[in-house]
Amino acid sequence: MAPTWNLPNLITAVRVVLAPVVALLLLQPDSSARLAAGLVFVVAAVSDLVDGALARQRGEITDFGKLVDPMADKLLLVATLVPFWILTRADPALGQLPVFGGVAWWVLVLFFGRELLVTGLRTRAARRGVVFGARTIGKRKAFAQNVFIGAMIAWLALRTAALEHDWTGGLFRTWSRLHGWFTSASLAVALLLTVVSLVIYVRAFRRRPAEGA
């Protein structure tokens, strides 16, 4: 049986620590801090791939990792979406995303509601001796969310830099428009996979705890 504090689990713990760092950098009103937030986020997102791969390669998959790894992802989600919601509401000068405008409250409700419900199902299943690790659809949902979050951080950094340096040229407007549409599309995909993954987890929970009861 693999020890709890192995290398993959330590990487997961580092991701937990990085989440509030991303939030603090995003809330700073300058482009360099928001660019730094993007870099820290990329490190945290890549670590999510590394810890799982290492755990499988080294045979160090633990119940701790199965439970804390998804929780670290949820913390990183909170640490980015809440600042997105605050910034797109508090600073209209940053501009609006196509279709969505900003990151609306219902986007947070859908993302966070799904995570809270799945966490509750996992906790309830664990009490019955059943551990739910991350499923393929959950990983795809997390990847889609990470693409959106990375694009959104870059969009905020770009728009902030434009305000700081008075970028108004045609090249900037074209890139900003394309970037905005890509960010909106990635948000739409992330929302869709969030709903689909929730349905799959609920169905799985209704079967397996009944089997282990």
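Quantities reported herein were computed from a predicted structural model and do not represent experimental measurements.
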Which distance, rounded to the nearest 0.5 Å, do you find between the [atom1] of [X] and the [atom2] of [Y]?
X    : Y    : atom1 : atom2 : value
L110 : L198 : CG    : CG    : 8.5 Å
K141 : L191 : NZ    : CG    : 11.5 Å
F148 : L81  : CZ    : CG    : 6.0 Å
W85  : W106 : CH2   : CH2   : 15.0 Å
T80  : L25  : OG1   : CG    : 12.5 Å
L163 : L94  : CG    : CG    : 6.0 Å

Same apolar cluster: [X] and [Y], side chain cutoff 4.5 Å:
X    : Y    : value
L187 : F143 : no
V43  : V40  : yes
L35  : I149 : no
V109 : V107 : yes
L10  : V17  : no

For the pair [X] (side chain) and [Y] (backbone), establish whether a donor and an acceptor sit closer than 3.5 Å, ignoring hydrogens and angles.
X    : Y    : value
Q145 : L77  : no
S184 : W181 : no
R34  : I153 : no
T88  : F84  : yes

Are [X] and [Y] packed together at the side-chain level, in the sense that at least one heavy-atom pair is separated by less than 4.5 angstrom?
X    : Y    : result
F100 : T183 : no
R15  : D73  : yes
L116 : F111 : no

So which heavy atom on [X] is nearest to which on [Y], and how close?
X    : Y    : result
S186 : V147 : CB-CG1, 4.0 Å
A93  : R159 : O-NH2, 4.1 Å
S31  : E164 : OG-OE1, 2.6 Å
G180 : L97  : O-CD2, 4.0 Å
V103 : L108 : CG1-CD1, 3.5 Å
V78  : P83  : O-CD, 3.8 Å

query = Passes side chain to side chain contact (heavy atoms under 4.5 Å, CB included), T160 versus W155? Steps please.
reply = CA-CA 8 Å; T160 304; W155 187 80; over 6 Å; no
key: From CA spacing to verdict: side chain to side chain contact (heavy atoms under 4.5 Å, CB included), L18, F41   = CA-CA 8 Å; L18 291 179; F41 172 76; over 6 Å; no
inquiry  = Ignoring hydrogens and geometry beyond distance, is a side-chain donor-acceptor pair present between T194 and R114 at under 3.5 Å?
reply    =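 No, R114 and T194 have no side-chain donor paired with an acceptor closer than 3.5 Å.
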ask   = Does atom CG of L178 have more than 12 heavy-atom neighbours from other groups under 6.0 Å away?
value = yes
